[in-house]
Amino acid sequence: MRAVRASFVLCGMLAGAASVQAQDRWLAIEGGTVFDGTGAVHENATVLVRGDRVDRIGPMGQIEIPDGAQRIDASGKFLTPGFIDLHFHYSPGPHASIDGTGTDANPELPLLFLANGVTTLREMGQWMSDNETWLAGVRAQGYPAPRLLYSGPILDGWNTAYPTISRVLLDEMDARMAANELMDAGATSLKVYFRLSLAQIAAVIEEADRRNVPVHGHLEIVDPVAAIRLGLDGIEHTRSVGRALVSPKQAEEFRQSVFRESIYRGAGGMALWAALDPAGPRADALIELMLERNVNLDGTLAVFEPEFSEEGREVQWAAMRNMGAFTVRYLKAGGPVTMGSHGLVANAPPGLAFQREMETHVESGMTPAETLISATRMGAEALRLPDRGTLAHGMLADIVLFDASPLDDIANARRVHAVILGGQVLDRDRLLATAEGLVP
C-alpha cells in the first residue's frame, strides 16, 4: 500500500510539474490585425498567450513579452478565434449521405478541418464509442485532435432514416432513459430527429434542462412552433422549419409524404422552400417566436447546394435563396445564428466546408463581420462553452491566422496561414497531408 501511495504521490508531483511548465510557456503573436470575436478589431496588435490561455491583447510594443517566449511575426496577417462548427459529421462508422444514399466515411476529415481553423467540432450523429475509438487512433499516431463534442446517436422514432446511428425511442419513458444515458456518457448536447412525437421531444428536453444540456432539433415534419414552445434550444438546418412557413394543408401533405418515405424530405423539402415566402406573415410569426425563446438557428445552408456546374437545378437554387433569406432575416432581427458545415459539401474541397458555409451566409446578406461572430462567439454561446469563441484574458488560446482579411472578402477565410490550439502552434503541413483511411 505504501508503494502504491508513493507512486500516486510521484505521479501527482510529475503532473503538477507539467502543469507549472505549461503555465510558464509563453507565446507572442505580434503585429497582426485581431478580430476578437465580439466584433472589435485591434490593428497592429500583440496577442500574448500563457500556457493554453490568452493572457492579454494590446498594441504592439506596449506589451512586455517574457524572456524565452516563442514569437510569431504576424505582420500583414489577420487573426480570429478558432472556428466552432455546430453541425459536423465525419462518420468513422456507417452513415447515410445527405440525399439518403451511399455513405460519408471520412475519418481524416476532423484533422483537415483543424488544419483550416476549425478548432471545435460538435459531432451530430454518431455513437460515442466510435468517436472515442477515432480519438484514440489519432493520439496513437501523434496527431493533435480538434476539440470534439458529442451529441451521441440521433434520437428518433420508429422507422428511422438512419438506423446505424440512431437511438429509436419507443415512448416517453424510453426518451427520458436514453437522454440520461447519453448525458451520463458525456454528451454535451442532444439531437432530436423528425420522427419523434412531441411528447417524446418534451421528455428529452425536460431531462436535459435538469442538467443544463441544450437540445437541438432536426425538425422537418415536427411542428417547429410546438417544439420551440416545449423549450427546444436550437434548430438544425433552416430547411427543417419549412412546415411552419406554408399553409396547414401544404404542411400536412409534406408531413404525410415524409412519413411514407423519408427520402421525400430531400426533393419535397426543397420544393416546399422554393415556393414559400421567407418574408411573409408566417415567417414573421416564426421569427418572433424564435426571438422570444432565444432559439439558435444553425442553417447548414451549404450542404443543400447543388454543384455550381450542375444544370437544371432551378428549384434547388430557389430554395437556397429562400432559406438564406430567412436565416439572414432572423439574424438581422437579433436572433442567434451559428455555422454548421455538415462535414462535406458540393462546392468546397474536403476540409473547407465550414468556409463554404460562411460564404453562403454572406451571399445571402450577412456581413463578413456578422458571419465571423456567428462562426466564433455565437457558436460558443449556443453550446454553453464560456471558455472559447472570443480572444480575451483567460479564454482558450485557440487562434487562426489568415494571409488576408475575411472582413474584406469572406473567401479569405480559406487562406489559413497558421492554427494555434491551446497555445500550441500546429504543424499544418502534416495535418493537410493526411490521406483517406489514415486514422482507423
Side-chain angles (χ1 to χ4, degrees), residues 87 96-101 161 193-195 217-225 227-228 235-290 295 297-333 335 337 339-342 344-348 353 356-366 371:
H87 195 118
S97 62
I98 189 65
D99 64 1
T101 61
Y193 223 49
F194 64 87
R195 286 185 176 271
H218 178 148
L219 302 176
E220 217 89 57
I221 58 174
V222 174
D223 181 358
V225 171
I228 290 167
I235 293 168
E236 298 304 307
H237 316 300
T238 297
R239 193 182 79 172
S240 77
V241 302
R243 181 183 165 186
L245 306 183
V246 297
S247 72
K249 180 182 178 182
Q250 289 174 291
E252 183 60 19
E253 288 173 349
F254 175 67
R255 180 170 176 257
Q256 290 186 28
S257 296
V258 177
F259 268 133
R260 286 192 297 271
E261 186 62 54
S262 288
I263 199 170
Y264 179 78
R265 65 199 174 93
M270 297 306 274
L272 198 75
W273 269 96
L276 61 75
D277 183 358
R282 288 190 174 92
D284 291 343
L286 182 59
I287 286 174
E288 184 177 351
L289 177 63
M290 290 170 65
V295 175
L297 179 59
D298 195 48
T300 70
L301 300 176
V303 76
F304 298 111
E305 291 182 323
E307 290 185 21
F308 290 140
S309 59
E310 287 187 62
E311 297 180 358
R313 294 299 191 102
E314 291 79 7
V315 169
Q316 200 164 353
W317 283 117
M320 286 294 304
R321 288 191 293 272
N322 286 340
M323 287 191 290
F326 180 86
T327 304
V328 173
R329 285 193 70 219
Y330 183 54
L331 178 119
K332 299 290 187 182
V337 170
M339 298 290 139
S341 71
H342 211 274
L344 292 171
V345 298
N347 294 314
R356 179 60 200 150
E357 183 67 14
M358 291 193 288
E359 291 162 12
T360 63
H361 284 70
V362 172
E363 290 163 9
S364 297
M366 283 173 62
T371 304

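These figures come from a predicted structure and were not determined experimentally.
Of the inter-residue distances, the one linking Leu219 atom CG with Ile235 atom CD1 reads 5.5 Å to the nearest 0.5 angstrom. Here the CG-CG distance, from Asp284 to Leu289, works out to 12.5 Å after rounding to the nearest 0.5 Å. Between atom OG1 of residue Thr360 and atom CE of residue Met366 there is a gap of 9.0 Å, rounded to the nearest 0.5 Å.
Side-chain atoms of Glu307 never come within 3.5 Å of backbone atoms of Ala346 as a donor-acceptor pair (strictly under, hydrogens ignored). Of the possible polar contacts, none joining the Arg195 side chain to the Ile221 backbone as a donor-acceptor pair under 3.5 Å is found.
Nearest heavy-atom pair across Ala227 and Val222 is CB-CG1, 4.2 Å. Here the closest heavy-atom approach between residue Asn322 and residue Ala274 is recorded as ND2-O, 3.4 Å. Here the closest non-hydrogen pair linking Asp298 and Gly340 is OD1-N, 3.2 Å. The nearest pair of heavy atoms linking Glu236 to Ser240 is O-OG, 3.0 Å.
Counting only heavy atoms from C-beta outward, the side chains of Ser364 and Leu301 approach each other to under 4.5 Å. The shortest side-chain heavy-atom distance between Trp273 and Arg321 does not fall under the 4.5 Å cut-off. In this structure the side chain of Thr371 reaches within 4.5 angstrom of the side chain of Met339, judged on heavy atoms. Counting heavy atoms from C-beta outward, Met290 and Pro224 have side chains that stay 4.5 Å or more apart. Counting heavy atoms from C-beta outward, His361 and Val328 have side chains that stay 4.5 Å or more apart. No side-chain heavy atom of Val246 sits less than 4.5 Å from a side-chain heavy atom of Arg282. Residues Tyr330 and Val295 are in side-chain contact: their nearest non-hydrogen atoms beyond the backbone lie under 4.5 Å apart. A heavy-atom distance below 4.5 Å is found between the side chains of Met270 and Arg239.
Using cut-offs of 30° and 60° for the angle between ring planes, the Phe304 and His237 rings count as perpendicular.
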* Can you list the steps and then say if Phe326 with Leu276 is a side-chain contact (heavy atoms from CB on, under 4.5 Å)? -> CA-CA 11 Å; Phe326 180 86; Leu276 61 75; over 6 Å; no
* **Phe254 vs Glu220, side-chain contact (heavy atoms from CB on, under 4.5 Å): CA-CA, chis, key distance, verdict** => CA-CA 9 Å; Phe254 175 67; Glu220 217 89 57; 4.2 Å; yes
* Asked: How far apart are the C-alpha atoms of Arg255 and Glu252, what are their side-chain angles, what is the distance that settles it, and do they pass the salt bridge (charged side-chain N to carboxylate O under 4.0 Å, His left out) test?
  -> CA-CA 5 Å; Arg255 180 170 176 257; Glu252 183 60 19; 3.2 Å; yes
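Listed by chain and number, the residues in a side chain to side chain contact (heavy atoms under 4.5 Å, CB included) with Ala279 are Asp277, Arg329 (sequence neighbours excluded). Under the rule for a ring pair (Phe, Tyr, Trp, His ring centres under 6.0 Å), the partners of Phe194 that lie at least two apart in sequence or sit in another chain are His218.
One finds a salt bridge joining Glu359 and Arg356 here, because a Lys/Arg side-chain nitrogen approaches an Asp/Glu carboxylate oxygen to under 4.0 Å.
Crowding of Glu288 atom CD: a count of heavy atoms from other residues, nucleotides or ligands under 6.0 Å not exceeding 12.
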